[in-house]
Amino acid sequence: VLLFSHSAPLIGAGRLRPREHPNDYGTDREAHMWRALTPNTAKSKEDKESANYYAQLADSCALRQISVNLFLTDGGAYGNGGGADRRGGMGGWSDIATLTVLPTTYVTKQAIRGNVMCTLKSACADEAVLKIRCSQGLRCTEYHGIGVQHHPEEMEIAACDEWASFYCALKHDSAVKNNSRIFVQAALLYSSPEGYRMVRVHTLCLIAAELLPDVFRLADLDAIFCANIQGQDTKKGFIHRSLSEEPASLESLRNSISNTCAEALFCYRTTVLPESLKLFPFYSLGLLKSIPFRENSKLSSGGGDSEPDPRADERSYQLHLLKAASPYVMHRLLHPRLFNLANFDPTYSQTLSPTNNMNQTTATSNNNGHGHDQQADRGDTSSVSHVLAPGAFSPKHSSSNPNTPAAGSDKVLPGERMVNGRIALPHPVYCSAASLGEDKVMLLDAGHVIYLWVGRSVDSIILLELFGVEELDPKEPPQKLSSGGKVVELIKEAIIELRRDLPFYPPLKIIASGPGSMNEHRFMSLLIEDKTKHQMSYVDYLCQIHRSIQKKM
């Protein structure tokens, strides 16, 4: 079922009243604006009736294996509600559907069409049942994902698509011998689109270790980080604590994120971070600066610069995205990538940089495991400085990544089409204001939205080719690229490439730097390497984590 709504249900069964109170932003009461309305939390008789209505609807849909996709095109009208009220009040949003909320600023015909097409094109396995089996002595104690549990040892999913991600916690009831083999098997029973009943099985073999250094050496940071975010643990499950019936305050959640990072690294018992977890502080900082967990000022009840950022609706939407995101999607949402358009294709870099300095990128280097190449690009696009990151959290380093050139092929330069038909992207530059420049055009991939930032001194020839005008108004910049030109086509191909491998459609927002520029404050807040009003810089945060570890030792 695809359900479209432009306004909150204000009359009839399931009606919802606005719950956004501007004076609550920046206080402990703010958490109640994005919390789901449930029969246990509803206070008035009307709210309890609405909560019971959606709870019964959810149970009915889950019982009949019905999947519901919500497309809410006016977040502000719901006053927190958006999908959170209807899904959370229905026994858990992830039990029946995929949430697609389009904030008012991003509601366009193209954005709506893009999100609908993402849903329709995704292949689904219907009436699926997931079960985890383990070696003797182990058992699965916790399931989390898009489904319901009618039995403690299995999860039922109405529609399991290619974006589905599941989290399971394992516990061993008896001692496990050192170097012994342990097997974990995930079996999914489902119906194919042709109506056949089929089974897909994945088996994982692990080697048990009793020495702590061996555990740290082989630790999977991607899995650890996602488990801390998505787990149901009342102490460490950040999303669970945010959306529970008694949500924790933002301040306590943010403290928990830093404390969890410090405690995990403290177990190593040295001030030198283990190789496998060196980027744990960087991941934690990205989470703190992300939209779901950034703080609002207590003065956010007014207008202008004191406008809440984010509003309750947007925070609720982002929390639900993270709740069922895979490690790759979670990385795209938490760690923006900044690209210099002059590095997309060496053929056209001179066109994009008439002053011949757009290719210059500088960065700092440190010994904390999060280094940057201290090089300037002198025509070789492979030397563009970039952030080092491992595994699924940086697909450019994965051999299974579609952007990786085929074995034995010649080196593929950024902007060129590879043998699989995809466009090769350059390495991201340092995600900091130091990478910006008044004569530069930058592309920021923030996961849920793509920003095209245009410096205030960009040459008029470039503006004419990109937008069809010789000057941009910072207050009302055009939101579409022109239809012609090789450079424009190259940028469009790059945007299409950035939209691949995501379960939603990130819209393009064009920002012209200058006084009164729309959305530039949001763009700058996503440069997570810098100090912002939401959090300290990465270097300062790393020092804070080290001090926390030293106090525990």
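Under a 3.5 Å cut-off, the side chain of Gln230 and the backbone N or O of Leu322 do form a donor-acceptor pair. Using modelled atom types, no side-chain atom of Lys509 and backbone atom of Tyr451 make a donor-acceptor pair closer than 3.5 Å. Remark: side-chain polar atoms of Arg499 are paired, donor with acceptor, to backbone N or O of Pro506 under 3.5 angstrom. Under the 3.5 Å distance criterion, the side-chain polar atoms of Asn340 are left unmatched by any main-chain donor or acceptor of Met442. Checked by atom type and distance alone, the side chain of His202 never pairs as donor or acceptor with a backbone atom of Arg200 at under 3.5 Å. Remark: side-chain polar atoms of Ser482 are not paired, donor with acceptor, to backbone N or O of Gly468 under 3.5 angstrom. The main-chain N or O of Ile132 is found under 3.5 Å from a side-chain atom of Tyr143 such that the two form a donor-acceptor pair.
In this structure, CG in Asp313 is found 12.0 Å from CD in Gln318, a value given to the nearest 0.5 Å. Rounded to the nearest 0.5 Å, atoms OG (Ser435) and CG (Leu338) are 5.5 Å apart. Taken to the nearest 0.5 Å, the CG atom of Leu221 stands 5.0 Å off from the OH atom of Tyr283.
A search for side-chain hydrogen bond (donor to acceptor under 3.5 Å, both in side chains) contacts involving Arg15 returns Glu46, not counting sequence neighbours. For Ser513, the side-chain hydrogen bond (donor to acceptor under 3.5 Å, both in side chains) criterion is met by Glu520, not counting sequence neighbours. Remark: Arg311 pairs with Glu20, Glu307 by the salt bridge (Lys or Arg N to Asp or Glu O under 4.0 Å) rule, at least two apart or across chains. The ring-ring contact (aromatic ring centres under 6.0 Å, His included) search around Phe183 returns none, not counting sequence neighbours. Applying the salt bridge (Lys or Arg N to Asp or Glu O under 4.0 Å) test to Arg133 and every residue at least two apart in sequence or in another chain returns nothing. The side-chain contact (heavy atoms from CB on, under 4.5 Å) check on Trp163 picks up Ser122, Asp161, Pro503, with sequence neighbours excluded. Considering only residues two or more places apart in sequence or on other chains, Leu498 meets the side-chain contact (heavy atoms from CB on, under 4.5 Å) condition with Arg332, Arg337, Phe339, Leu425, Leu443, Asp445, Ile450. With sequence neighbours left out, Glu194 forms a side-chain contact (heavy atoms from CB on, under 4.5 Å) with Ser192, Tyr196. Ser60 is linked by a side-chain hydrogen bond (donor to acceptor under 3.5 Å, both in side chains) to Arg64, counting only residues two or more places apart in sequence or in another chain. With sequence neighbours excluded, no residue forms a side-chain hydrogen bond (donor to acceptor under 3.5 Å, both in side chains) with Ser326. When the side-chain contact (heavy atoms from CB on, under 4.5 Å) test is applied to Val201, the partners found at least two apart in sequence or on another chain are Gln185, Ala187, Val199, Thr203.
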Side chain to side chain contact (heavy atoms under 4.5 Å, CB included), that's the test. Do Lys492 and Leu481 meet it? Break it down for me. CA-CA 8 Å; Lys492 290 181 178 179; Leu481 295 170; 4.0 Å; yes
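Phe225 and His335 have tilted rings, their planes meeting at an angle from 30° to 60° on a 0 to 90° scale. Ring geometry, His144 versus Tyr167: the interplanar angle exceeds 60°, so the pair is classed perpendicular (tilted spans 30 to 60°).
Between Glu314 and Arg522 there is a salt bridge, with a side-chain nitrogen of the basic residue lying less than 4.0 Å from a carboxylate oxygen of the acidic one.
Around CD of Glu153, the count of heavy atoms belonging to other residues, nucleotides or ligands within 6.0 Å does not exceed 12. Open room surrounds NZ on Lys480; 12 or fewer heavy atoms of other groups in view lie less than 6.0 Å from it.
Side-chain atoms of Arg17 and Ser50 include no donor-acceptor pair closer than 3.5 Å.
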